[in-house]
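For the numbers below, each heavy atom of this structure counts, side chains included, while hydrogens, waters and symmetry mates do not. All chains are named by letter (A, B, ...) in the order of the sequence lines, taking the proteins before the strands, and each is independently numbered beginning at 1.
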Amino acid sequence: MPDVPSLRTALLDWYDQNARSLPWRAPPGAEYRTDPYRVWLSEVMLQQTTVPHAAPYFERFTTRWPTVSDLAAAEDAELMAAWAGLGYYARARNLLACARAVARHHGGVFPDTEEGLRTLPGVGAYTAAAVAAIAFDRAANVVDGNVERVMSRLFAVETPLPAARPQLRAVSGQFVSDHRPGDWPQALMDLGSSVCRPRSPLCEECPLSFGCKAFRQGEPARYPIRDRKADKPHRHGHAYVIRDGEGRVALVQRPDKGLLGGMLGLPTSEWGEALGFAPPLAGPWQAAGAVDHVFTHFRLTLSVHLAEPEAVGRDWIWTDETQALAVLPTVFRKALERGLGAAG
DNA sequence: TAGGCGTGGGA
DNA sequence: TTCCCAAGCCT
């Protein structure tokens with residue numbers, strides 16, 4: 001096994017030539033660091049989310065809220081609406097709580113240490129280390145899915161994830177150094193994204209292949225080894241598209257906790273085994289087909305029903321249909337699109 | 001502490 | 001179609 005300094009040098013040299021240009025990133029070796037607000041915002045958006053999906057959200061957020069204090073002053077509803085479609089909505093609730101904590105308890109300035117950052121809502125071990133390293137150039141052991149994959153291949157770790165986490169964190173820690181501490185994790189993540197990819201890794205282009213045990217063994221894509229995931233259950237429900245004849249549709253405010261927490265939604269039945277149709281008000285109802293959606297831990301089929309009642313007396317939130325399409329999480333946006341399409 | 005928590009893209 | 005996966009956090 002080559003020594004750690006050789007591998008570090010090889011990867012940082014590669015990064016100098018191959019770093020991706022990203023809106024939240026300072027170029028390799030830059031004299032300046034990126035605004036901690038932008039680093040933090042990008043890291044939260046990128047949790048379990050791809051760069052192409054997050055990038056337009058990042059642009060919209062930083063245009064609308066240029067500083068953390070601007071974000072702290074946002075209304076809950078406008079923040080949640082701006083996050084619609086990005087998923088994992090607890091991130092949005094924590095994002096706002098974090099911005100307000102920074103504004104109120106830290107004078108609008110992000111803590112500049114891993115420990116300080118770790119106390120903020122929605123900032124876990126990974127994000128605290130990433131912001132400390134990238135925004136403040138502090139040596140930190142930044143371990144995300146990319147780093148776990150690269151390390152698991154470098155050392156041909158046979159223990160399956162997630163049990164291998166402590167071991168992968170330990171080997172990753174061997175590479176942490178005061179030399180270019182902000183560039184190191186970004187170099188590792190770029191390598192994981194473009195070369196040491198989950199499938200079909202490009203080992204011929206890899207600056208670390210000279211020291212990679214999985215490459216030497218000949219089957220690098222076998223790593224990281226994972227436990228097989230359980231099958232998702234399939235749930236069913238009904239979604240109601242209720243229109244008022246004036247271009248508005250009835251929405252409901254979902255509770256803050258749980259699935260799609262804090263978001264607006266369409267009125268629906270309970271979700272479970274396929275149920276009979278028991279609408280929330282007298283018809284006539286028009287059947288508009290169904291939409292399928294996949295969540296993290298179950299699959300959902302929603303039958304969509306359309307009505308335009310004469311009078312209703314419920315605490316629905318009547319929302320312009322175009323506006324509704326923009327603020328709803330994807331599962332309800334799909335159902336609303338289907339309902340409006342069936343209405344012609 | 002293992003499970004809850006979104007979405008879209010690629011093979 | 002189906003499965004896997006992508007810069008995790010919280011409880």
Ignoring backbone atoms, test whether [X] places a side-chain nitrogen or oxygen under 4.0 Å from the OP1 or OP2 oxygen of [N].
X	N	answer
A/R118	C/dC9	no
A/H293	B/dT7	yes
A/T296	B/dG3	no
A/Y89	B/dT7	yes
A/K257	B/dG4	no
A/T50	B/dG9	no
A/R228	C/dC5	no
A/H297	B/dG4	no
A/S200	B/dA11	no

Expressed as a whole number of angstroms, how long is the span from [X]:[atom1] to [N]:[atom2]?
X	N	atom1	atom2	answer
A/W83	B/dG6	CH2	P	12 Å
A/R235	B/dG6	CZ	C1'	14 Å
A/D231	C/dC3	CG	P	6 Å
A/R93	C/dC9	CZ	C1'	11 Å
A/Y88	C/dC5	OH	P	13 Å
A/K232	C/dT2	NZ	P	13 Å
A/M45	C/dG8	CE	C1'	16 Å
A/E114	C/dC9	CD	P	11 Å

What's [X] touching, base or sugar-phosphate or nothing? Going by heavy atoms closer than 4.0 Å.
X	result
A/V142	nothing
A/P121	sugar-phosphate
A/G192	nothing
A/R197	nothing
A/I134	nothing
A/P329	sugar-phosphate
A/A54	nothing
A/L260	sugar-phosphate
A/W40	nothing
A/G261	nothing
A/V331	sugar-phosphate

Counting side-chain heavy atoms from CB outward, which of [options] is closest to [X]?
X	options	value
A/K229	C/dG8, C/dC5, B/dT7	C/dC5
A/H53	C/dC10, B/dG8, C/dC5	B/dG8
A/Q48	B/dG8, B/dG6, B/dT7	B/dG6
A/Y126	B/dC5, C/dG8, B/dG8	C/dG8

How are the rings of [X] and [Y] set relative to one another: parallel (under 30°), tilted (30 to 60°) or perpendicular (over 60°)?
X	Y	answer
A/H53	A/Y57	perpendicular
A/F58	A/W24	perpendicular
A/W271	A/F298	tilted

Closest-nucleotide ordering on DNA chain C, the 5'-leading residue of A/G122 and A/P224: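 Between the two, 5'-proximity favours A/P224.
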For A/R199 and A/Q47, find the nucleotide of DNA chain B closest to each by heavy atoms; which residue's nucleotide sits nearer the 5' end?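 It is A/Q47, whose closest nucleotide lies nearer the 5' terminus.
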Take atom CD in A/E204; do more than 12 heavy atoms of anything else shown fall under 6.0 Å from it?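 Yes.
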Is atom CD of A/E270 surrounded by more than 12 heavy atoms (other residues, nucleotides or ligands) closer than 6.0 Å?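 Atom CD in A/E270 is not packed in, count stays at 12 or less.
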Would A/E78 and A/R64 pass as an ion pair if we require N to O under 4.0 Å?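 Counted as a salt bridge, because a side-chain N and a carboxylate O are separated by less than 4.0 Å.
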Does this structure show an ion pair linking A/D112 with A/R138, if we count only N-O contacts that are shorter than 4.0 Å?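 Judged by the 4.0 Å cut-off on N to carboxylate O distance, A/D112 and A/R138 do form a salt bridge.
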Quantified in whole Å, what is the [atom1] atom distance between nucleotide [N] and nucleotide [M]?
N	M	atom1	result
B/dT7	B/dG3	P	22 Å
B/dC5	B/dG9	P	24 Å
C/dT11	B/dG6	P	14 Å

Contact between A/R8 and A/H179 at the side-chain level, heavy atoms closer than 4.5 Å - yes or no?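 Counting from C-beta outward, A/R8 and A/H179 do come under 4.5 Å.
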Answer yes or no: side-chain N or O of A/T49 and base N or O of B/dG6 forming a donor-acceptor pair under 3.5 Å.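 Donor-acceptor pair under 3.5 Å: yes.
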